[in-house]
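Comments concern the structure below.
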Number of protein chains: 2
Amino acid sequence: MKEGPDIARLGSLIGDPARANMLTALLSGKALTASELAAEAGITSQTASAHLSKMEAGGLLAQRKQGRHRYFTLADDEVGSVLEAIMGLAARKGHLRTRTGPKDPALRHARVCYNHLAGDLGVQMMDSLLLRGYLTPENEGLGLTADGRAFFEEFAIDLEPLEKLRRPLCKSCLDWSNRRSHLAGSLGSALLTRFYDLAWAKRLEGSRIVSFSAGGEKEFLRLFAV
Amino acid sequence: MKEGPDIARLGSLIGDPARANMLTALLSGKALTASELAAEAGITSQTASAHLSKMEAGGLLAQRKQGRHRYFTLADDEVGSVLEAIMGLAARKGHLRTRTGPKDPALRHARVCYNHLAGDLGVQMMDSLLLRGYLTPENEGLGLTADGRAFFEEFAIDLEPLEKLRRPLCKSCLDWSNRRSHLAGSLGSALLTRFYDLAWAKRLEGSRIVSFSAGGEKEFLRLFAV
DNA sequence: AAGATGTTTCGTCTATGATCGAACCATGAA
DNA sequence: TTCATGGTTCGATCATAGACGAAACATCTT
């Protein structure tokens, strides 16, 4: 590969249309196999294989071998947030492209961003957590307050194991549609899982939409009122 | 250009080493000319020109034409933060960029720019005039307010003949050393002449340095305090 | 065991796009 | 005016990386 600043390496990885399609597919947070990703990008499996190893070498992807399949995911949360940030920028600057037309309202309302909740509801949750002082802005990041600790434990989220992880507990992620922050990090991920467990919401197959039930959304809005 | 998701367009813009070098140079926030950027990227000016127009079309850069120079900056803050985010992902520290402007401290302090005052003092004067509402930003230029009119007349500058000239009365000029604006136009020129007349300063023979006397600089700083 | 499916490696073709020389345009200086 | 300088446009060259066919490899199914 050509010499240049590291930022160019990442840029060129994201810059190929086939790879960009794969990456956006992986933004759903699901692990996808090499052939699924090939289909997603509209290329043959040989070509996809080459792309995938490049992206893995570039630190964008992680792979898990399972039987005769290889499952690929984004390497970590940061990759997801950077991709969302670029998509946000592209959406604002992309004058010519109106690919899926005026974006799907359901997608704006609630969707997964890698593994946490994004969209209007994600932003509102973040607002609420900040407003009530459960989370607090900390030098270049987010901190969990004592009140917040109590709140999450009350909501049946076990913080201890999360804090042992290498990935940050709280992280803010710029929302693609809203241009405001929502909660990422292992806590954001745990919250989304909890919503699934409570059957407040479920993933819509084959898309990034998170579909809340009527009752679930009501509970959600009450818990994270602003 | 190839079809693909918008994210790929941005990625490929960032992905070229030459362009990446230019973008990282611009991350300093300073405005740089096309040739400075060409040198930064180690390419000829023709090639740089092509890159720059692509990036401008892609919404990454804004340009400001001034005289025979073209000053480029990042289009807005969001572009900067996205670039920072990618650089963070690339786990790479921002390396040093080419130093801009003159090395001589006296030149940085006060010098002539064509026929008006530039350097630290020139920038400070501009700041002061804007801050006090004597000048005001107007669509693509600078306007003179009623207060400003009084102020300059008080300073024994006759505005009427200046306004009859073809060249604009007020013009903002990007400062070479500071990369911030100072006042150009016939008013800027008249002000410098007035400083000479008051013996606050004089031109240093054979250089662009404007040498203020101790007393003159004191008066100047009092008049254009910020 | 043979067959089917998923994935990678190899070889080759091809097209995109980065690059530069030369000429041209625009602006400022003499 | 003429000259110098910054910048762009045009044309041609050329390297790279993305694409696929074919074949090998790996793993599950029967």
Side-chain angles (χ1 to χ4, degrees), chain A residues 1-5 8-23 31-58 61 63-72, chain B residues 1-4 8-23 31-58 61 63-72 100 112-116 118 166-168 171 173-174 176 184-186 188-189 206 208:
Chain A
M1 209 169 274
K2 194 180 286 188
E3 275 309 308
R9 272 181 63 88
L10 281 192
S12 76
L13 280 179
I14 300 170
D16 177 79
R19 287 193 290 258
N21 280 323
M22 296 182 181
L23 288 171
L32 297 173
T33 68
S35 24
E36 285 170 329
L37 288 166
E40 196 68 39
I43 53 179
T44 61
S45 55
Q46 313 95 286
T47 309
S49 177
H51 284 311
L52 289 169
S53 32
K54 274 181 194 171
M55 289 195 281
E56 197 197 354
L61 299 185
Q63 66 161 290
R64 196 174 65 228
K65 193 175 163 185
Q66 195 164 296
R68 52 183 164 182
H69 295 271
R70 280 191 131 84
Y71 285 93
F72 289 86
Chain B
M1 211 173 268
K2 192 180 289 187
E3 277 305 312
R9 282 174 64 89
L10 282 192
S12 76
L13 280 179
I14 300 170
D16 178 79
R19 287 193 290 257
N21 279 323
M22 297 183 181
L23 289 171
L32 297 172
T33 67
S35 22
E36 284 171 330
L37 288 167
E40 193 65 38
I43 53 179
T44 60
S45 56
Q46 313 94 285
T47 309
S49 179
H51 284 311
L52 289 169
S53 28
K54 272 182 197 170
M55 289 194 281
E56 197 196 353
L61 299 185
Q63 67 159 289
R64 181 170 158 194
K65 193 177 163 186
Q66 190 164 296
R68 50 184 164 183
H69 294 273
R70 281 189 129 83
Y71 285 92
F72 288 87
T100 59
V112 286
C113 175
Y114 307 133
N115 49 22
H116 54 267
R166 215 190 39 191
R167 61 192 277 223
K171 215 178 141 212
C173 175
L174 205 53
W176 181 25
S186 59
S189 174
R208 295 176 55 193

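Remember, it's a predicted structure, so these values are computed and weren't measured experimentally. Protein chains get the first letters and strands the later ones, always in sequence-line order, with residue 1 at the start of each.
- Note: CZ (A:R64) to C1' (C:dG6) measures 16 Å, nearest angstrom.
- For A:T47, the side-chain hydrogen bond (donor to acceptor under 3.5 Å, both in side chains) criterion is met by A:T44, not counting sequence neighbours.
- Taking only side-chain nitrogens and oxygens, B:K65 never comes nearer than 4.0 Å to OP1 or OP2 of C:dA26.
- Each of B:L13, B:L37, B:L23 was evaluated against B:L61; a single residue qualifies, B:L23, per the side-chain contact (heavy atoms from CB on, under 4.5 Å) test.
- A distance-only check finds a donor-acceptor pair linking the side chain of A:R19 to the backbone of A:S12 [under 3.5 Å].
- A:A48 and A:A34 make their closest contact through CB-O, 4.4 Å (heavy atoms, listed as atom of the first residue, atom of the second, distance).
- Annotation: of the two residues near DNA chain D, B:S35 and A:A18, the 5′-most nearest-nucleotide partner is B:S35.
- We find the NZ-OG distance between A:K54 and A:S49 to be 11.0 Å, quoted to the nearest 0.5 Å.
- In this structure, the CD1 atom of A:I14 is 17 Å from the C1' atom of D:dA17, given to the nearest Å.
- Note: CD1 (B:I43) to C1' (C:dG17) measures 13 Å, nearest angstrom.
- Out of C:dC20, D:dA19, D:dC20, the shortest distance to the side chain of A:T44 is found at D:dC20.
- Note that the CZ atom of B:R70 and the NZ atom of B:K65 stand 5.0 Å from one another [nearest 0.5 Å].
- Taking five base pairs at each end of the helix from C:dA1-D:dT30 to C:dA30-D:dT1 and finding the rotation axis that steps the C1' atoms of four pairs onto the next four gives two axes whose angle is 20°, to the nearest 10°.
- With sequence neighbours excluded, the residues satisfying side chain to side chain contact (heavy atoms under 4.5 Å, CB included) with B:A41 are B:A18, B:N21, B:M22, B:I43.
- The interatomic distance linking B:Q66 (CD) with D:dG6 (C1') rounds to 13 Å, in whole Å.
- In this entry the distance linking CG of A:D16 with P of C:dA15 reads 17 Å, nearest Å.
- Here CZ of B:F72 is found 4.5 Å from CG of B:L52. Values are rounded to the nearest 0.5 Å.
- The distance from the CE atom of A:M55 to the CG atom of A:D16 is 8.5 Å, given to the nearest 0.5 Å.
- A straight line from CE of A:M55 to P of D:dA17 spans 16 Å, rounded to a whole angstrom.
- When the side-chain hydrogen bond (donor to acceptor under 3.5 Å, both in side chains) test is applied to A:S53, no partner is found at least two apart in sequence or on another chain.
- Pairing each heavy atom of A:T33 with each of A:H69, the nearest pair is CG2-ND1, 3.8 Å.
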Between N or O atoms, less than 3.5 Å apart, protein on one side and nucleotides 3-5 of chain C on the other: list the pairs.
from	atom 1	to	atom 2	distance (Å)
C:dT5	O2	A:R68	NH1	3.3

Please enumerate all protein N or O atoms sitting under 3.5 Å from an N or O of nucleotides 8-10 of chain C, with distances to 0.1 Å.
from	atom 1	to	atom 2	distance (Å)
C:dT8	OP2	A:S49	OG	2.8
C:dT8	O5'	A:S49	OG	3.2

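- Not one side-chain nitrogen or oxygen of B:H51 sits closer than 4.0 Å to the OP1 or OP2 atom of C:dG17.
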